[in-house]
Structures are given as C-alpha cells and as structure tokens.
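Structure, as structure tokens:
Hydrogens, waters and symmetry mates are skipped; everything else that's a heavy atom, side chains included, is used.
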Amino acid sequence: MPHTKGIRKPVSLVFNAIVLANLRSKKMGWSFSWNEDKKQLVERLIGSELSSGYKFLEHKVVGNHLWHTFSRPDGSKSIGLYLLQPGGRSDEGWGYKGVDEDYYPGEFDCPIAFIEQCDPPQTECAREWREKVLQFDARKKELKKNLRPDVLISLWGAKFRLVGKQNRQWVIRNVETDKLFRLPREGLKDLTILSERVAAPAPIPVQETLDLFAAA
C-alpha cells in the first residue's frame with residue numbers, strides 16, 4: 001500500500017465543510033448517546049416504536065444514512081431517514097437526526113426499491129426529493145458504466161485521468177502535476193467525463209497517493 005496523506009481542499013470546499021458541520025451540530029436537533037456505537041444505535045432505532053399509528057417497515061443502512069419505510073395511520077407508506085454520526089468527544093457515542101421525505105431530507109442515496117414500495121408522495125417537497133433520488137441513481141449507474149482506467153475527467157477545476165482502483169476506491173492522476181490522488185465518494189457527484197478510455201490500463205505505480213478530499 002502506498003503511503004497516504006492529505007492535502008488542503010479548495011476554499012469553497014472548506015466553506016461547505018464548515019456549513020455542513022454547523023448543520024449537523026447538536027443544536028440542530030441531533031440526539032447523542034454516551035456509549036452506543038453505530039451498530040448499536042441502528043439496532044435501537046429500527047427496534048424502537050414510532051408515534052401512535054405509525055409503523056416501522058423496511059430499512060437499509062447506506063454509509064451513515066439509515067433509510068427506512070414506514071406506514072402512516074391512514075395506511076399509506078412513506079420514506080424516512082436517520083442521519084448518523086459519531087459524537088465529538090471521546091466519551092460520546094453515536095448520534096442521529098430523523099427526517100422524513102415530506103421535509104426534503106437533502107440526501108439522495110435512498111434505495112430505489114423504497115420508492116417503488118411506497119405510495120405516491122403527499123407533498124411537493126416529497127415529490128421533488130424523489131425526483132432527485134431517481135436522478136442520483138441514474139447518475140450513479142452512468143458513472144459505473146463509463147468510469148474506466150485512462151478515462152479523462154474534470155473535477156473541482158482540474159483535470160485527472162483514472163488509473164485504477166485500490167480498496168474499491170478510484171485512484172486518479174492529475175494531468176498537470178502527475179500526482180496520484182484517491183477519488184472520494186463525495187467527488188463522484190461533481191466530476192465530468194471529458195473523454196473515453198484511450199489506452200490499455202496500467203498498474204497503479206507504487207508511489208505516494210494523496211487524499212483529494214482530506215479535511216482542511
């Protein structure tokens with residue numbers, strides 16, 4: 001394994017990270033435990049009772065997102081999300097914040113099967129959110145089909161060429177500096193494919209691989 005280290009994100013990404021951190025603070029409706037790890041928290045959430053007349057149905061964990069379907073008192077089925085994150089202190093466990101599709105969760109990696117299992121959206125926010133989920137899924141499938149070694153991409157104002165995968169993560173080479181970086185999941189939604197594969201893939205050289213999305 002090549003030695004890895006981080007580099008500073010562009011200023012705009014640093015700003016976005018700060019905004020995201022503020023939105024995810026405990027002051028914005030998060031609940032934290034003192035001793036639960038992520039697995040224990042998920043088990044507690046899916047085993048807990050919802051409000052009267054509501055019933056927890058299916059669930060799936062995608063990264064730090066606990067997606068679930070639930071039934072309402074009128075029998076209709078809808079989609080909810082528990083955002084998950086670890087506490088900020090060493091003695092603090094994992095926490096969560098819940099939101100359902102009527103309030104536009106703001107995350108779009110919800111399983112498509114959940115949309116198919118549920119009733120039509122009851123609010124405009126839910127309708128718009130489901131459209132974003134479908135677009136996100138289509139984008140993910142497009143990237144899975146087109147991302148191949150030696151494909152040229154544009155990302156965050158720079159051009160990179162895909163080299164190959166290490167530990168299920170793409171390694172990319174900066175066209176100008178020739179440095180290698182790990183392509184984070186967060187970058188997939190921002191990249192643009194500039195050209196198709198033009199040469200046979202080469203092994204990833206054993207050299208320093210930098211983290212393109214390291215914390216500032």
Side-chain angles (χ1 to χ4, degrees), residues 1-21 24 38-39 42 59-67 79 81 83-86 105-116 129-216:
M1 280 291 295
H3 173 70
T4 62
K5 69 177 183 179
I7 61 173
R8 182 173 292 276
K9 292 181 289 185
V11 174
S12 61
L13 296 180
V14 174
F15 174 78
N16 289 338
I18 293 174
V19 172
L20 184 59
R24 291 184 172 180
K38 180 179 177 180
K39 181 179 179 181
V42 169
H59 75 275
K60 183 174 182 178
V61 178
V62 181
N64 286 339
H65 300 158
L66 172 56
W67 294 102
I79 301 172
L81 166 65
L83 296 166
L84 311 174
Q85 73 170 9
E107 303 291 347
F108 310 109
D109 52 3
C110 172
I112 298 299
F114 284 8
I115 293 180
E116 297 170 347
W129 174 77
R130 289 194 187 188
E131 289 181 356
K132 289 290 186 181
V133 171
L134 295 175
Q135 293 172 9
F136 180 89
D137 184 70
R139 169 69 169 168
K140 183 172 62 175
K141 291 178 179 177
E142 177 189 5
L143 291 176
K144 184 177 180 179
K145 177 181 177 181
N146 295 324
L147 290 185
R148 297 289 186 274
D150 217 47
V151 166
L152 184 66
I153 65 172
S154 173
L155 177 64
W156 299 329
K159 293 182 180 180
F160 301 88
R161 195 169 290 280
L162 273 66
V163 179
K165 282 190 174 182
Q166 278 188 340
N167 299 325
R168 302 176 65 182
Q169 189 173 24
W170 278 104
V171 174
I172 57 180
R173 184 191 302 278
N174 187 293
V175 172
E176 294 185 1
T177 66
D178 206 41
K179 291 183 178 180
L180 295 177
F181 299 88
R182 296 189 303 272
L183 175 62
R185 179 181 178 186
E186 292 89 344
L188 293 176
K189 67 179 185 301
D190 296 326
L191 69 82
T192 300
I193 296 176
L194 300 178
S195 71
E196 298 298 329
R197 174 177 162 183
V198 296
I204 300 174
V206 180
Q207 70 179 70
E208 187 175 52
T209 305
L210 304 177
D211 190 344
L212 189 63
F213 203 69

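Taking 4.5 Å as the limit, some side-chain heavy atom of Asn64 sits within range of a side-chain heavy atom of Lys38. Side-chain atoms of Arg161 and Ser195, non-hydrogen and from C-beta on, do get closer than 4.5 Å to each other. With contacts defined as side-chain heavy-atom distances shorter than 4.5 Å, the pair Asp137/Lys140 qualifies. The side-chain heavy atoms of Leu147 and Leu162, taken from C-beta on, include a pair separated by under 4.5 Å.
Trp129 contributes a side-chain N or O that, together with a main-chain N or O of Glu107, makes up a donor-acceptor pair within less than 3.5 Å.
Contact detail for Leu155 and Gly187: the closest heavy-atom pair is CD1-O, 3.5 Å. In this structure, Val133 and Cys110 approach most closely via the heavy-atom pair CG1-O, 3.7 Å. Scanning all heavy atoms of the two residues, the minimum distance from Gly164 to Trp170 falls at O-CE3, 3.3 Å. Between Arg139 and Leu188 the shortest heavy-atom distance is NH2-O, 3.5 Å. What you find for Trp156 and Pro184 is that their closest heavy atoms are CH2-CG, 4.1 Å.
With rounding to the nearest 0.5 Å, the separation of CG in Leu152 from OG1 in Thr192 is 10.5 Å. With rounding to the nearest 0.5 angstrom, the CD1 atom of Ile153 is 12.5 Å from the CG atom of Asn146.
Note on ring orientation: taking the six-membered ring where Trp is involved, the planes of Phe181 and Phe160 are perpendicular (angle over 60°, cut-offs 30° and 60°).
With Leu191 as reference, Leu183 is the one residue of Val151, Leu183, Ile172 to meet the side-chain contact (heavy atoms from CB on, under 4.5 Å) rule.
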Notebook entry, point to check: Is there a side-chain contact (heavy atoms from CB on, under 4.5 Å) between His65 and Leu83 once you walk through the steps?
Noted result: CA-CA 5 Å; His65 300 158; Leu83 296 166; 3.7 Å; yes

